[in-house]
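Notes for the one structure printed next.
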Amino acid sequence: MASTSLQPIQGMSDISPPDVYLWQMIEERAREVFARYRFQEIRTPLLEKTELFTHSLGDTTDVVTKEMYSLQDRGGRNLSLRPEGTASAVRYIAAGAEETANARVFYMGPMFRCERPQAGRKRQFHQIGIEAVGAPNPRADAEVIALQLHLLSAWGLEGAKIRLNTIGLPEDRAAVVDGLREAIRPRLSELPEDAQQRFETNVLRLLDSKDEAVQKVIADVPPVIEFMSADSRAYLDTVVETLRSLEIDVEIDPSLVRGLDYYVHTVWEVVHGGLGAQNAISGGGRYRIQIGSKTIDGVGFAMGVERMIAALGSNGITAEQFAPKPAVFIVSLGEAALKENMLLAQMLRYRGISCEMDLGDRKVKAQMKRADKAGAAQVIIRGDTELEKGIFVLKNMADGTQREVELPELMELL
RNA sequence: GUAGGUGUAGCUCAGUUGGUUAGAGCGCCAGAUUGUGAUUCUGGAUGUCGCGGGUUCAAAUCCCGUCACUUACCCCA
C-alpha cells in the first residue's frame with residue numbers, strides 16, 4: 001500500500017498507461033470529427049479572473065458559490081481555476097474582431113470543481129467541448145446536437161440517449177417562474193423544507209429534484225414550455241423538426257433544467273445507463289453571455305471525459321484495446337550480440353519501426369516471454385552465432401515460424 | 001457540508017466466537033537437458049494486516065482517535 005504522501009490530492013488522479021491510450025483514442029477521434037464540422041481548437045488558460053465565472057455562470061449558482069478553487073495572486077487579484085470551459089472560450093471570442101463573430105471552436109482539457117468526489121465526479125476532471133457562436137438559429141442547435149451524436153458513434157458508444165428541453169428566453173423567465181409557482185403553490189405543504197425554500201429561491205430547480213415528494217407534485221405541473229412566448233415555442237419546434245429531418249431521435253424532457261445561468265432556449269443532456277448517480281456524460285445548450293460591452297450568443301456542449309470512459313467501459317470498450325504494440329522485439333544472446341543489437345534497434349527506430357529489447361543478459365526464454373507479453377508481432381533473434389554468420393533469425397509470433405535472413409531482406413520484411 | 005461502506009502481498013480478495021509460523025487466486029522470478037513465447041508441472045520471493053493510542057496473558061480481529069479511499073445526498077460533465 002502506497003503511503004499517503006505518494007498519492008495525488010483528493011479528487012484528482014493520475015492517468016497512467018494503459019488507461020491513457022483510451023484517452024488518446026478519444027482525443028484523436030474527437031479532433032477528426034471536429035475537423036469535418038470545421039471547428040478549430042482553442043487553448044485557454046486554466047486560471048482566469050474569478051469575476052469571469054461569477055458574471056457568466058451566475059453569481060448565485062452552486063458552481064460559483066461553493067465549488068470553485070479560488071486564490072489570490074501576489075498582486076491581490078482574485079483568480080479561479082476554471083470550473084468549465086465556455087466562459088473562457090467566450091471571453092476569447094468577445095475579445096476578437098469581426099472574424100470571430102461566428103467562431104466555431106472546440107477545447108479539451110482539465111476543469112476544476114472542489115466538490116465531494118463520488119462516482120463520475122472528480123475535483124479535477126476533463127471536458128471536451130465546443131462552442132458555435134452566432135445569432136440564435138435553431139438549425140445551429142440541431143447541427144451541434146448532430147455533431148455530438150457523431151462524436152459518440154466515432155467513439156463506439158452504444159446506448160446513449162439525448163434528453164432535450166427549452167428554458168426559453170430571459171424575457172420568458174418571469175412568466176415561467178410565476179407559472180410554476182402558481183401551479184405548485186396549492187401543494188406547497190407537501191414539499192420538504194429545503195424544497196419549500198427552493199420554491200422561493202429557484203423554482204426551476206424543483207423540476208429535476210430527486211426527492212419523491214417533490215417529483216410527485218412536479219408530475220402534475222404543466223411543462224415549462226406552456227408558460228413561454230410563442231417565439232420560444234416555435235424555436236424549440238424548429239430544433240426538433242430539424243433533428244427529425246436529420247433522423248435524430250430525441251426525447252423531450254420537460255423537467256430538464258440547467259445549473260448555469262447563461263442558458264437560453266435549447267438545453268440538452270446525454271445520459272447513459274450504468275454510470276451510477278451521475279449519469280449525464282454531456283450537457284449542452286444555447287447560451288447568451290454578457291461580457292464586457294458585448295453580448296455573445298452561441299450554442300455548445302461539454303462532455304465529461306471520465307464519464308464517457310465509464311460509459312465506454314460498460315460497453316466493453318477498454319484501454320487495453322488501444323495500447324500500441326511493438327512491431328518487433330529483439331532477443332540477444334551474448335555480450336557482443338547485445339551491443340550490436342542496440343545499434344540495430346536504434347537503426348530500426350530511426351526508420352520508424354517501433355522496437356523493444358531486453359538490455360539485461362536474461363535467458364532467451366525470458367526474453368521471448370517478454371516479447372510475447374509486449375505483443376510483438378515479430379521477434380529478431382540474434383546471438384553471437386548469428387553475429388558471426390551475419391544473419392538474423394526472424395520469428396513470426398502469430399504462427400511460430402522462423403527463418404534466417406540477411407540484413408536487406410530483414411529490412412524488407414519489417 | 002451531511003450520511004453509509006471500506007482500508008490485509010504488485011493486483012483482486014479470504015481470514016470463522018480475539019489464540020501464537022497471516023492465506024488464496026492472478027501477476028512476478030526461477031527450474032522441468034543444450035539458445036525460442038499463450039498451455040502444463042514444480043519451486044521461490046514480497047506484507048510496519050492504513051496510521052496512532054487503548055483493553056487483554058494474547059489484537060488483522062474488540063474500543064477510541066486519525067488519515068485515505070469509496071458510495072450517496074446537495075449540485076453538476
Side-chain angles (χ1 to χ4, degrees), chain A residues 1-13 57 60-68 82-86 108-129 148 192 194-195 197-198 202 205 208-211 256-260 268-272 275-285 300-311 329 331-334 337 358 360-387 393-402:
Chain A
M1 191 47 24
S3 107
T4 54
S5 62
L6 297 180
Q7 296 180 322
I9 62 179
Q10 186 177 35
M12 312 204 174
S13 44
L57 311 195
T60 60
T61 56
D62 281 24
V63 168
V64 161
T65 56
K66 52 181 206 188
E67 295 171 6
M68 285 208 295
R82 62 182 188 188
E84 58 98 62
T86 300
M108 37 182 80
M111 307 293 165
F112 304 84
R113 290 184 200 174
C114 194
E115 307 173 81
R116 190 69 94 191
Q118 68 181 74
R121 178 191 292 160
K122 289 282 188 184
R123 288 183 169 180
Q124 175 176 330
F125 61 102
H126 297 74
Q127 289 189 334
I128 296 177
Q148 165 126 67
D194 61 325
Q197 276 190 354
R198 223 170 308 156
N202 196 344
R205 205 48 71 61
D208 64 350
S209 170
K210 287 176 186 169
D211 190 284
L256 180 66
V257 294
R258 305 262 75 206
L260 308 176
W268 71 89
E269 226 171 52
V270 178
V271 293
H272 193 272
L275 280 194
Q278 315 304 323
N279 65 348
I281 57 182
S282 178
F301 63 78
M303 321 197 61
V305 179
E306 285 84 352
R307 290 185 188 179
M308 186 64 215
I309 284 172
F329 190 101
V331 170
S332 315
L333 195 81
D358 198 305
D361 56 350
R362 305 173 75 204
K363 299 196 166 178
V364 172
K365 186 172 192 157
Q367 295 186 55
M368 288 299 296
K369 209 169 171 181
R370 181 173 156 190
D372 184 55
K373 262 197 72 180
Q378 306 196 82
V379 169
I380 295 171
I381 302 167
R382 187 161 69 149
D384 291 347
T385 16
E386 285 78 14
L387 203 59
V393 173
L394 184 63
K395 175 163 185 167
N396 181 319
M397 292 296 272
D399 58 22
T401 61
Q402 65 182 48

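The sequence lines fix the lettering, A, B, ..., with proteins before strands; numbering per chain opens at 1. Fair warning: this is a prediction, and the values are worked out from it, not measured in the lab.
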**Report entry** With A:R205 via salt bridge (charged side-chain N to carboxylate O under 4.0 Å, His left out) - residues at least two apart
**Finding:** none
Requested in this report: Take atom C1' in B:rU61 and the same atom in B:rA14, then report the distance between them in whole Å.
Outcome: 13 Å
Report summary line: Of A:D211 and A:D372, the one whose closest nucleotide on RNA chain B sits nearer the 5' end is A:D372
Requested in this report: Return yes if some donor-acceptor pair links the side-chain N/O of A:E306 with the main-chain N/O of A:H126 below 3.5 Å, else return no.
Outcome: yes
Query raised in the report: Is there a donor N/O on one and an acceptor N/O on the other, under 3.5 Å, for the side chain of A:K66 and the base of B:rG1?
Result: no
Query raised in the report: So, the side chain of A:D384 versus the backbone of A:A337: is there a donor-acceptor pair under 3.5 Å, distance only?
Result: yes
Report task. Using the test ring-ring contact (aromatic ring centres under 6.0 Å, His included), find all partners of A:H272 that sit at least two apart in sequence or belong to another chain. Result -> none
Requested in this report: To the nearest Å, give me how far apart CZ (A:F112) and C1' (B:rC75) are.
Outcome: 19 Å
**Report entry** Side-chain donor/acceptor of A:Q402 to base of B:rU36, under 3.5 Å
**Finding:** yes
Query - Between B:rA72 (P) and A:E115 (CD): distance, integer Å - result: 13 Å
Query - Of A:K210 and A:Q127, the one whose closest RNA chain B nucleotide lies more 5' - result: A:K210
Report task. Check whether any side-chain heavy atom of A:R123 lies under 4.5 Å from a side-chain heavy atom of A:C114, and answer yes or no. Result -> yes
Query - A:Q118 side-chain proximity, nearest of B:rC69, B:rC75, B:rC74 - result: B:rC74
Report summary line: Whole-Å distance, A:K395 NZ to B:rA38 C1', equals 12 Å
Report summary line: Contacts of A:R362 meeting salt bridge (charged side-chain N to carboxylate O under 4.0 Å, His left out) (sequence neighbours excluded), chain-then-number -> A:D358
Report summary line: Rounded to whole Å, the CD-C1' distance (A:E67 to B:rA77) equals 11 Å
Query raised in the report: What nucleic acid atoms does A:G120 come within less than 4.0 Å of, heavy atoms only: base, sugar-phosphate, or nothing?
Result: base
Requested in this report: Give one of base, sugar-phosphate or nothing for A:A302, where a contact means two heavy atoms less than 4.0 Å apart.
Outcome: sugar-phosphate
Between protein and nucleic acid, restricted to nucleotides 39-42 of chain B and to nitrogen or oxygen atoms under 3.5 Å apart, what atom pairs and distances do you find?
none

Report task. Between B:rG23 and B:rC63, how far apart are the P atoms? Round to whole Å, please. Result -> 25 Å
Query raised in the report: For the side chain of A:R121 and the base of B:rC75, is some donor closer than 3.5 Å to an acceptor across the two?
Result: yes
Report task. Taking only the side-chain heavy atoms of A:Q10 (C-beta and beyond), determine which of B:rA77, B:rC73, B:rC69 contains the nearest atom. Result -> B:rC69
Query raised in the report: Hey, does A:R82 have a side-chain heavy atom less than 4.5 Å from the side chain of A:P110?
Result: yes
Can you pull every protein N or O that's under 3.5 Å from an N or O on nucleotides 27-32 of chain B?
{"from": "B:rC28", "atom 1": "OP1", "to": "A:K373", "atom 2": "NZ", "distance (Å)": "3.1"}
{"from": "B:rC29", "atom 1": "OP1", "to": "A:R362", "atom 2": "NH2", "distance (Å)": "3.1"}
{"from": "B:rG31", "atom 1": "OP1", "to": "A:K363", "atom 2": "NZ", "distance (Å)": "2.3"}

Query raised in the report: When all nucleic acid strands are considered with a 4.0 Å heavy-atom cut-off, which category describes A:E386: base, sugar-phosphate, or nothing?
Result: base
Report task. Please report, rounded to the nearest Å, how far the C1' atom of B:rG1 is from the CG atom of A:D62. Result -> 12 Å
Query - Whole-Å distance separating the CZ atom of A:R198 from the P atom of B:rC73 - result: 13 Å
Report summary line: Applying salt bridge (charged side-chain N to carboxylate O under 4.0 Å, His left out) to A:D194 and not counting sequence neighbours gives A:R198
Report task. Anything below 3.5 Å on both distances counts as a pair; with that, list the stems of at least three consecutive Watson-Crick or G-U pairs involving RNA chain B. Result -> B:1-7 with B:67-73, B:10-13 with B:23-26, B:28-32 with B:40-44, B:50-54 with B:62-66
Query - Rounded distance in Å between the C1' positions of B:rU6 and B:rG50 - result: 11 Å
Query raised in the report: How far does the P atom of B:rU12 sit from the matching atom of B:rU70, given to the nearest Å?
Result: 12 Å
Requested in this report: Could I get the full list of side chain to side chain contact (heavy atoms under 4.5 Å, CB included) partners for A:E386, not counting sequence neighbours?
Outcome: A:R382, A:I391, A:V393
Report task. For B:rC51 and B:rA59, measure between their C1' atoms and round to the nearest Å. Result -> 16 Å
Report summary line: Checking A:I381, A:T401, A:I380 against A:L394 for side-chain contact (heavy atoms from CB on, under 4.5 Å), the one that qualifies is A:I380
Query - Residue list, side chain to side chain contact (heavy atoms under 4.5 Å, CB included) with A:N279, at least two apart or on another chain - result: A:V271, A:L275
Query raised in the report: Residues in side chain to side chain donor-acceptor pair (under 3.5 Å) with A:Q402, at least two apart?
Result: none
Report task. Look at all strands and tell whether A:I381 reaches a base, only sugar-phosphate, or nothing, counting heavy atoms closer than 4.0 Å. Result -> base
Requested in this report: To the nearest Å, give me how far apart CD (A:Q197) and C1' (B:rC74) are.
Outcome: 13 Å
Requested in this report: Please determine if a side-chain N or O atom of A:Q278 lies less than 4.0 Å away from the OP1 or OP2 oxygen of B:rC73.
Outcome: yes
Query raised in the report: Looking for any heavy atom pair under 4.0 Å, which part of the strands does A:R258 touch: base, sugar-phosphate only, or nothing?
Result: sugar-phosphate
Report summary line: A:V364 has its side chain closest, among B:rU36, B:rC73, B:rA77, to B:rU36
Report summary line: By side chain to side chain contact (heavy atoms under 4.5 Å, CB included), A:E67 pairs with (sequence neighbours left out) A:D62, A:V63, A:R113, A:E115
Requested in this report: For A:G129, answer base if it contacts any base atom (sugar-phosphate contacts may also be present), sugar-phosphate if it contacts only those atoms, and nothing otherwise; contact means non-hydrogen atoms under 4.0 Å.
Outcome: nothing
Query - A:A302: side chain to side chain contact (heavy atoms under 4.5 Å, CB included) partners, not counting sequence neighbours - result: A:Y107, A:Q127
Query raised in the report: What is the distance from NZ of A:K122 to P of B:rU70, rounded to the nearest Å?
Result: 5 Å
